[in-house]
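Here the structure comes first, spelled out in structure tokens, and everything after it is commentary.
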Amino acid sequence: MTDVPVDSAAAARTSAPEGLTLAEEEELRSELAKVEEEIGTLRQVLAAKERHCGELKRKLGLTPLDGLKQNLSKSWHDVQVSNAYVKTSEKLGEWNDKVTQSDLYLSASSTLEDWNEKLTQSEAYKKTQETLSQAGQKTSAALSNVGSVISRKLGDMRNSATFKSFEDRVGTIKSRVVGSRENSTEGLHSPSGAGDKPPQDNAPF
């Protein structure tokens, strides 16, 4: 047996759906080929447009993040103007009105207001406020007294004989250090001192 080439068109015609004539089949196949060709052309045009769009964005300095923000903003705007969003907002508004105008909500609000008024006018609440106020005043006075005592103690310590003696000693040490530095500096710059003895090289080699 030898392989015989099979005509694809003939094979397709033999497997054509029932109820179609050969002329209708040929017409549909021709239209399919045209549509596929148009799809390929549109894809090429779309790719060229996308490249051109990318070049324009690059020249304008627009980043992909800017494009994402713009897309998100547009999507959110589309959601807000959509019928589903509008209807949902209206429903939520109606539910809110019904809840706030219901007897249960009004009764609960009135009860909470009564409790708040009773609480703020109760003796325990007033005593608590007075106690907290007095505690704050006492704390402020105590801190002020502590600051005054510390300042007074520091002043007394500075005026004490021990502190003055310490200051005198520090002044004496400072004057000695400064005087010794001045003497050593004068000795270094003195011409007579430099000419008396030549420097000796004590190196072993």
Side-chain angles (χ1 to χ4, degrees), residues 5-122 124-126 128-140 142-144 146-147 150:
V6 178
D7 186 2
S8 58
R13 281 196 293 270
T14 57
S15 61
E18 296 181 0
L20 290 178
T21 62
L22 292 177
E24 290 174 345
E25 184 184 350
E26 290 296 332
E27 183 179 357
L28 291 175
R29 290 187 180 280
S30 176
E31 185 177 356
L32 176 61
K34 289 180 181 179
V35 170
E36 288 178 345
E37 184 178 356
E38 290 175 357
I39 290 174
T41 303
L42 291 174
R43 284 177 179 168
Q44 294 176 359
V45 172
L46 179 61
K49 293 288 185 184
E50 287 179 346
R51 285 194 298 271
H52 184 58
C53 179
E55 292 175 0
L56 292 176
K57 287 182 178 180
R58 181 177 54 80
K59 290 179 180 178
L60 289 172
L62 299 176
T63 62
L65 182 59
D66 295 327
L68 178 62
K69 289 180 179 178
Q70 185 177 358
N71 291 336
L72 289 175
S73 177
K74 184 178 181 303
S75 300
W76 176 239
H77 178 265
D78 293 341
V79 168
Q80 286 181 319
V81 299
S82 64
N83 291 331
Y85 183 87
V86 172
K87 289 181 179 179
T88 303
S89 300
E90 291 176 353
K91 286 292 183 184
L92 290 175
E94 292 176 0
W95 290 345
N96 183 51
D97 292 339
K98 289 180 180 178
V99 168
T100 53
Q101 293 177 4
S102 65
D103 294 336
L104 179 61
Y105 181 86
L106 295 174
S107 176
S109 299
S110 178
T111 303
L112 289 175
E113 290 178 359
D114 292 340
W115 287 350
N116 183 48
E117 186 176 355
K118 290 178 180 178
L119 176 63
T120 54
Q121 292 180 0
S122 65
Y125 181 84
K126 291 179 181 180
T128 303
Q129 277 193 325
E130 292 176 359
T131 303
L132 292 175
S133 177
Q134 291 174 1
Q137 293 174 0
K138 289 180 180 179
T139 303
S140 301
L143 292 175
S144 178
V146 169
I150 291 174

inquiry  = Looking at every non-hydrogen atom in both residues, tell me the closest pair between Lys126 and Gln121 and how far apart they are.
reply    = CE-O, 3.7 Å
Side-chain donor-acceptor contacts of residues 102-113 below 3.5 Å, not counting sequence neighbours, with atom names and distances?
residue	atom	partner	partner atom	Å
Ser102	OG	Val99	O	2.7
Ser102	OG	Tyr105	N	3.3
Ser109	OG	Tyr105	O	3.0
Thr111	OG1	Ser107	O	2.8

message = For a quick test of reading the model, state the closest non-hydrogen atom pair linking Thr100 to Asp97 and the distance between them.
response = OG1-O, 3.1 Å
key: Those residues that, when tested against Asp78, pass salt bridge (Lys or Arg N to Asp or Glu O under 4.0 Å) (two or more places apart)   = Lys74
ask   = Going by the ring-ring contact (aromatic ring centres under 6.0 Å, His included) test, which pairs reach into residues 66-104, not counting sequence neighbours?
value = Trp76-Tyr85
message = Tell me if the CD atom of Gln70 is crowded by more than 12 foreign heavy atoms within 6.0 Å.
response = no
key: Those residues that, when tested against Tyr125, pass ring-ring contact (aromatic ring centres under 6.0 Å, His included) (two or more places apart)   = none
query = Is there a donor-acceptor pair closer than 3.5 Å between any side-chain N or O of Thr120 and the backbone N or O of Asn116?
reply = yes
ask   = Could you give the distance from CG (Leu20) to CD (Glu26), rounded to the nearest 0.5 Å?
value = 11.5 Å
For residues 46-63, dump all side-chain donor-acceptor pairs below 3.5 Å to protein atoms at least two apart in sequence or in another chain.
residue	atom	partner	partner atom	Å
Thr63	OG1	Asp66	N	3.4
Thr63	OG1	Asp66	OD2	3.2

query = When rounded to the nearest 0.5 angstrom, what is the spacing between CD in Gln137 and OG in Ser140?
reply = 8.0 Å
Ignoring hydrogens and angles, write down the donor-acceptor pairs under 3.5 Å from the side chains of residues 30-39, residues two or more places apart or on other chains.
none

query = What is the distance from atom NZ of Lys87 to atom CD of Glu90, rounded to the nearest 0.5 Å?
reply = 9.0 Å
inquiry  = Under a 4.0 Å threshold between the charged nitrogen and the carboxylate oxygen, would Glu94 count as salt-bridged to Lys98?
reply    = no
